[in-house]
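Just so it is clear, the structure is predicted and the values come from calculations on it, not from any experiment. The analysis underlying the following values was restricted to heavy atoms, covering all of them including side chains, and did not include hydrogens, waters or symmetry mates. When a residue number appears, it is its place in the shown sequence, counting from 1.
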Amino acid sequence: MDRLREMIKEKDFVINPLILKNIKKFNLNVNEFLLLLFFINVDSELDISRISKFISLNEEEILSAFDNLVSKGLIEVKVNKGTNKIEEEISLDNLYNKLLLDLPEEKKESDIYSAFEREFSRTLSPMEYETITKWLESEISEDTIKSALKEAVLNGVYNLKYIDRILYEWTKKKIKINNDIGSTQVFDYNWLEDDNESK
């Protein structure tokens with residue numbers, strides 16, 4: 001019972017829908033899938049005892065799943081040379097690149113995604129694409145999303161969780177943003193201050 005209580009307290013795993021859709025394509029078995037989830041959600045190191053604690057696999061199962069993921073080109077080991085020691089890190093870049101290829105072309109080229117990449121000065125990850133897509137599917141307009149992006153950038157925050165919070169607050173308070181908002185105009189709403197006042 002104590003072990004079950006500890007498991008319930010552990011950090012929840014986030015499973016990206018794109019990974020679920022590609023389980024068959026990547027030919028993943030259960031152990032490989034669980035190990036990927038560990039690397040995505042918990043840690044990017046091959047710490048056998050820690051991995052075993054989270055996903056209840058023994059050392060042989062973990063190493064076998066790890067070798068298979070490397071062979072399938074989904075993960076790779078990168079060596080980081082620090083000042084005092086050499087550290088190995090599990091890179092998921094290959095996985096994310098393969099998932100990105102699975103996204104429809106219109107998602108990659110849509111103006112809303114390009115706007116985020118311009119402001120963030122980097123390519124969006126598949127998970128970030130999914131988050132923006134979910135906003136659009138929930139009928140939040142592109143103009144509203146772009147206004148929230150602008151609000152975040154002006155506050156020096158380049159984080160989708162922050163933007164999601166802005167959108168949540170705007171939606172909750174039924175705030176309507178003028179579609180004609182100009183490039184020099186900013187939606188003047190301090191949701192952080194408002195949130196603190198409401199507590």
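F26 and K98 get closest at one heavy-atom pair: CZ-CB, 3.9 Å. Heavy atoms only, all atoms of each residue included: I166 and A152 are closest at CD1-N, 4.2 Å. Residues T123 and E128 come closest through the heavy atom pair O-OE1, 4.4 Å. Here the closest non-hydrogen pair linking N31 and N29 is N-OD1, 3.1 Å.
Contact check for L136 versus E142: side-chain heavy atoms found under the 4.5 Å cut-off. Side chains of S147 and W170 form a contact here, defined as non-hydrogen atoms less than 4.5 Å apart. Contact of the D43 side chain with the I90 side chain is not registered, since no non-hydrogen atoms from C-beta on lie closer than 4.5 Å.
Using cut-offs of 30° and 60° for the angle between ring planes, the F54 and F38 rings count as perpendicular.
Between the side chain of N159 and the main chain of K161, a donor-acceptor pair closer than 3.5 Å is present. Looking at N97, its side chain does come within 3.5 Å of a backbone N or O of D93 through a donor-acceptor pair.
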Task: Full working for side chain to side chain contact (heavy atoms under 4.5 Å, CB included) between K146 and I112 - done: CA-CA 7 Å; K146 287 179 182 178; I112 186 67; 3.5 Å; yes
Task: Criterion side chain to side chain contact (heavy atoms under 4.5 Å, CB included) on K53 and S49, from CA distance to verdict - done: CA-CA 6 Å; K53 174 186 173 184; S49 60; over 6 Å; no
Open item on the list: Apply side chain to side chain contact (heavy atoms under 4.5 Å, CB included) to residues L95 and I40 and explain how you reach the verdict.
Closed with: CA-CA 10 Å; L95 170 67; I40 292 170; 4.0 Å; yes
Task: Criterion side chain to side chain contact (heavy atoms under 4.5 Å, CB included) on F39 and L46, from CA distance to verdict - done: CA-CA 9 Å; F39 289 144; L46 185 62; 4.2 Å; yes
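L35 CG to L74 CG: the interatomic distance, rounded to the nearest 0.5 Å, is 11.0 Å. Atoms CG and CG, from N27 and N22 in turn, are 12.0 Å apart once rounded to the nearest 0.5 Å. To the nearest 0.5 Å, the span separating CG on L57 from CG on L34 amounts to 6.0 Å. Distance CE/M127 to OG1/T131: 9.0 Å, rounded to 0.5 Å. Here the straight-line distance linking atom CD1 of I163 with atom CZ of F116 works out to 4.5 Å at 0.5 Å rounding. Atom OG in S125 sits 11.0 Å away from atom CG in L92 (nearest 0.5 Å).
A 6.0 Å sphere centred on CD of E45 holds no more than 12 heavy atoms belonging to other residues, nucleotides or ligands.
Between E130 and K134 there is no salt bridge, since no side-chain N of the basic residue sits under 4.0 Å from a carboxylate O of the acidic one. By the 4.0 Å N-to-carboxylate-O rule, E151 lies too far from R165 to be salt-bridged with it.
Side-chain contact, Y113 with T133: a donor N or O sits under 3.5 Å from an acceptor N or O. Side-chain polar atoms of T144 and S141 form a donor-acceptor pair below 3.5 angstrom.
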Pair up each side-chain donor or acceptor in residues 58-66 with any protein partner under 3.5 Å, not counting sequence neighbours, and list the distances.
| residue | atom | partner | partner atom | Å |
| --- | --- | --- | --- | --- |
| N58 | OD1 | E60 | N | 3.2 |
| N58 | OD1 | E61 | N | 2.8 |
| E61 | OE1 | N58 | N | 2.9 |

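Evaluation of the side-chain hydrogen bond (donor to acceptor under 3.5 Å, both in side chains) rule for K72 yields E32 as partners, not counting sequence neighbours.
Using a 4.5 Å cut-off between side-chain heavy atoms of Ile, Leu, Val, Met, Phe, Trp and Tyr, with links allowed through other members, Y168 and W135 fall into different hydrophobic clusters.
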